[in-house]
A.B. asks: 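Got a structure for you, questions after.
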Amino acid sequence: MRIRIVDAFTDRPFAGNPAGVLLLDAFPDDDRLQRVALEVNHSETAFAHRLPAGAEADWALRWFTPATEVAMCGHATLATAHVLHTTGAHEGPVRFATRSGVLTATPREDGTITLDFPTAALTPVQTPAGVAEALGAEPRTVLDTGPNIGDLLVEVADEKTVRGLAPDLTALAAHSERGVIATARAEDPARGYDYVSRCFFPNVGIDEDPVTGSAHTALAPFWSERLGRPDLTGLQASSRSGRVRTELRGGRTLLSGHAVTVIDGELLV
């Protein structure tokens, strides 16, 4: 198996969110896929194989964290599309058959790739008991992000609060299927972003995800409603950091960003 490590949602190496990408002839058994993902040990490893002509999509795509398979992953989809286009394995828009339906990735002239994902269905909820203590900040607003995402979206007071979070991950794990997205309005939009976020996913083996495309399918409608614009830029303020351009189109959210291949090698076992 040839394996590549791609930094997604960044235009420079050693930033953004790294993902393993393996292009296969067919999917091996699930245990094999999970063991490879654990060995790669990034937040997600993507496995893809070409589908026959006439299928509903061009490639089948699955995503695994070191601990489990997930229903949706933005950065590993971006990384896979980047590998397909830079290696010549696929030209033009590519359709992926996934557990979240058919997802499309389209290369742009500026070097970015735009993902077409379903918009998360946001439902306001009462702040669960213990969330403020586990997160280490008082929520202003709490929303459920629906089954595809499986997170709590928590708005906190300001950007400084988001950047300073040091949550109790064991306690946080009790409050959602995947984890918690913490967010706030940008302190200074002149810096090139409209809102900030950080993502903590202890239930799928990820303490903090560096840059999370799927989370932005929830952040986009949340902030577009508050800021009054469909086109926004989010900064995920992890230690690696990365930016996601979002465009809200009703039931679909477009996520755009760059990607960089940093390792290209071979899995020997």
Side-chain angles (χ1 to χ4, degrees), residues 6-13 15-19 21 43-44 46 48 57-59 61 63 72-87 90-96 98 100-120 145 148-149 153 181 183 185-186 189-199 209-238 240-262:
V6 178
D7 291 341
F9 292 115
T10 181
D11 59 1
R12 56 191 176 88
N17 199 352
V21 178
S43 55
E44 264 89 13
D58 306 302
W59 291 74
L61 178 62
W63 313 279
M72 181 186 290
C73 179
H75 86 277
T77 304
L78 180 68
T80 305
H82 169 78
V83 169
L84 291 174
H85 292 300
T86 55
T87 62
H90 190 93
E91 295 183 359
V94 55
R95 298 168 300 161
F96 294 111
T98 77
S100 295
V102 176
L103 307 176
T104 303
T106 303
R108 303 296 185 187
E109 291 184 359
D110 64 357
T112 62
I113 293 173
T114 297
L115 309 178
D116 184 338
F117 272 36
T119 301
T145 60
N148 280 344
I149 309 302
L153 175 60
I181 307 164
T183 188
R185 189 184 301 237
R191 294 176 180 171
Y193 56 91
D194 301 290
Y195 58 90
V196 296
S197 65
R198 289 175 67 193
C199 295
D209 199 33
V211 190
T212 314
S214 60
H216 285 76
T217 67
L219 290 161
F222 181 82
W223 286 111
S224 289
E225 179 181 351
R226 283 154 181 76
L227 300 177
R229 305 196 318 274
D231 298 353
L232 300 171
T233 298
L235 173 73
Q236 197 153 327
S238 65
R240 291 177 63 99
S241 188
R243 299 191 185 203
V244 183
R245 297 205 307 265
T246 61
E247 181 181 344
L248 189 64
R249 291 188 175 179
R252 309 296 295 184
T253 296
L254 304 185
L255 312 170
S256 298
H258 289 86
V260 181
T261 301
V262 293

A.B. asks: Can you tell whether the side chains of Arg249 and Glu247 come within less than 4.0 Å, N to carboxylate O?
C.D. replies: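 So Arg249 pairs with Glu247 through a salt bridge.
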A.B. asks: Assess whether side chain to side chain donor-acceptor pair (under 3.5 Å) is satisfied between Thr98 and Trp63, documenting all intermediate values.
C.D. replies: CA-CA 9 Å; Thr98 77; Trp63 313 279; over 6 Å; no
A.B. asks: Hey, does Leu78 have a side-chain heavy atom less than 4.5 Å from the side chain of Leu115?
C.D. replies: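 Of all side-chain heavy-atom pairs linking Leu78 with Leu115, at least one is under 4.5 Å.
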A.B. asks: Does some side-chain heavy atom of Thr80 sit less than 4.5 Å from a side-chain heavy atom of Phe96?
C.D. replies: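 With C-beta onward as the side chain, the pair touches.
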A.B. asks: Could you check if a side-chain atom of Trp59 sits within less than 4.5 angstrom of a side-chain atom of Val94, using non-hydrogen atoms only?
C.D. replies: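 SC-SC contact between Trp59 and Val94 confirmed.
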A.B. asks: Pair Thr119, Leu248 - check side-chain contact (heavy atoms from CB on, under 4.5 Å), show working.
C.D. replies: CA-CA 8 Å; Thr119 301; Leu248 189 64; 3.9 Å; yes
A.B. asks: Quick check for you: to the nearest 0.5 Å, what is the distance between Phe222 atom CZ and Ser224 atom OG?
C.D. replies: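 Between atom CZ of Phe222 and atom OG of Ser224 there are 11.0 Å.
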A.B. asks: Phe9 versus His258: any side-chain heavy-atom pair under 4.5 Å?
C.D. replies: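 A side-chain contact is absent here, since even the closest heavy-atom pair is not under 4.5 Å.
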A.B. asks: Could you check whether any side-chain heavy atom of Leu219 comes within less than 4.5 Å of a side-chain heavy atom of Leu153, counting everything from C-beta outward?
C.D. replies: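 In short, these two side chains touch, coming nearer than 4.5 Å.
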A.B. asks: By side chain to side chain donor-acceptor pair (under 3.5 Å), which residues pair with Arg12, not counting sequence neighbours?
C.D. replies: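 If we apply the side chain to side chain donor-acceptor pair (under 3.5 Å) test to Arg12, skipping adjacent residues, there are no hits.
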A.B. asks: Going by atom types only, do Ser256 and Thr112 share a side-chain donor-acceptor pair under 3.5 Å?
C.D. replies: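 No - no donor-acceptor pair under 3.5 Å links their side chains.
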A.B. asks: Would you verify whether the NZ or CZ of Arg191 falls within 45 degrees of the ring axis of Tyr193 while also being under 6.0 Å from that six-membered ring's centre?
C.D. replies: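 Checked: cation-pi criterion not met.
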A.B. asks: Less than 4.5 Å apart, any side-chain heavy atom of Ser241 and any of Leu235?
C.D. replies: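 The answer is yes; the side chains approach within 4.5 Å.
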A.B. asks: With sequence neighbours left out, what residues match Arg252 under side chain to side chain contact (heavy atoms under 4.5 Å, CB included)?
C.D. replies: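 For Arg252, the residues satisfying side chain to side chain contact (heavy atoms under 4.5 Å, CB included) (neighbours in sequence not counted) are Leu103, Asp116, Pro118.
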A.B. asks: Can you give me the closest heavy-atom contact between Pro93 and Asp58, atom names plus distance?
C.D. replies: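 Looking at all heavy atoms of both residues, the closest pair is O-OD2, 4.1 Å.
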A.B. asks: Start with the C-alpha distance between Thr261 and His82, add both sets of side-chain angles, then the distance that settles side chain to side chain donor-acceptor pair (under 3.5 Å), and finish with yes or no.
C.D. replies: CA-CA 8 Å; Thr261 301; His82 169 78; 3.0 Å; yes
A.B. asks: Roughly how far, to the nearest 0.5 Å, is the CG atom of Leu232 from the NE2 atom of His216?
C.D. replies: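 Interatomic distance, His216 NE2 to Leu232 CG, rounded to 0.5 Å: 10.0 Å.
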A.B. asks: Report the residues that fulfil side chain to side chain donor-acceptor pair (under 3.5 Å) with Asp209, sequence neighbours left out, ordered by chain and then residue number.
C.D. replies: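 If we apply the side chain to side chain donor-acceptor pair (under 3.5 Å) test to Asp209, skipping adjacent residues, the hits are Asn17, Ser43, Thr212.
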A.B. asks: Heavy atoms only: give me the nearest Arg198-Ser238 pair and the separation to one decimal.
C.D. replies: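 Result for this residue pair: CG-N, 4.5 Å.
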A.B. asks: What residues, two or more places apart in sequence or in another chain, satisfy salt bridge (charged side-chain N to carboxylate O under 4.0 Å, His left out) together with Arg240?
C.D. replies: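 Scan of Arg240 (salt bridge (charged side-chain N to carboxylate O under 4.0 Å, His left out), adjacent residues dropped) gives Asp7.
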A.B. asks: Kindly write out the residues that satisfy salt bridge (charged side-chain N to carboxylate O under 4.0 Å, His left out) with Arg229, not counting sequence neighbours, or none if the list is empty.
C.D. replies: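 In terms of salt bridge (charged side-chain N to carboxylate O under 4.0 Å, His left out), with neighbours along the sequence ignored, Arg229 is linked to Asp194.
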A.B. asks: Checking Thr114 against Arg108: is there a side-chain donor and acceptor pair closer than 3.5 Å?
C.D. replies: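 Checked: Arg108/Thr114 side chains pair up, N/O donor to acceptor below 3.5 Å.
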A.B. asks: Indicate yes or no: at least one non-hydrogen side-chain atom of His75 is less than 4.5 angstrom from one of Val211.
C.D. replies: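 When only atoms from C-beta onward are counted, Val211 and His75 do not touch, as no gap falls below 4.5 Å.
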A.B. asks: Is the closest side-chain heavy-atom distance between Gln236 and Cys199 below 4.5 Å?
C.D. replies: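 Contact flag for Gln236/Cys199 side chains = yes.
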A.B. asks: Using the side chain to side chain contact (heavy atoms under 4.5 Å, CB included) criterion, which residues pair with Thr87? Sequence neighbours excluded.
C.D. replies: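 Counting only residues at least two positions away or on another chain, Thr87 forms a side chain to side chain contact (heavy atoms under 4.5 Å, CB included) with Arg4, Val83, Ala89.
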A.B. asks: Please report the closest heavy-atom contact between Val21 and Ala79, naming both atoms and the distance.
C.D. replies: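 Scanning both residues completely, I find the closest heavy atoms to be CG2-CB, 3.7 Å.
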A.B. asks: Please round to the nearest 0.5 Å and tell me the distance separating atom OG of Ser214 and atom CG of Leu255.
C.D. replies: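 Reported to 0.5 Å precision, the distance equals 9.0 Å.
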A.B. asks: Could you grab the distance from atom CD1 of Ile113 to atom OG1 of Thr104, nearest 0.5 Å is fine?
C.D. replies: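 Between Ile113 CD1 and Thr104 OG1, I get 13.0 Å after rounding to 0.5 Å.
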A.B. asks: Start with the C-alpha distance between Thr246 and Trp223, add both sets of side-chain angles, then the distance that settles side-chain contact (heavy atoms from CB on, under 4.5 Å), and finish with yes or no.
C.D. replies: CA-CA 10 Å; Thr246 61; Trp223 286 111; over 6 Å; no
A.B. asks: Of all the heavy-atom pairs spanning Pro210 and Pro18, show the shortest one and how long it is.
C.D. replies: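 Looking at all heavy atoms of both residues, the closest pair is CG-CD, 4.4 Å.
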A.B. asks: Just by distance, do the side chain of Thr233 and the backbone of Arg245 share a donor-acceptor pair under 3.5 Å?
C.D. replies: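 Side chain of Thr233 to backbone of Arg245, a donor-acceptor pair under 3.5 Å: no, none is there.
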A.B. asks: Show your working on side chain to side chain donor-acceptor pair (under 3.5 Å) between Thr217 and Thr253 and close with a plain yes or no.
C.D. replies: CA-CA 6 Å; Thr217 67; Thr253 296; 5.9 Å; no
A.B. asks: Say you draw a straight line from NE2 of His90 to NE2 of His85; how long is it, rounded to the nearest 0.5 Å?
C.D. replies: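 Reported value, rounded in 0.5 Å steps: 6.0 Å.
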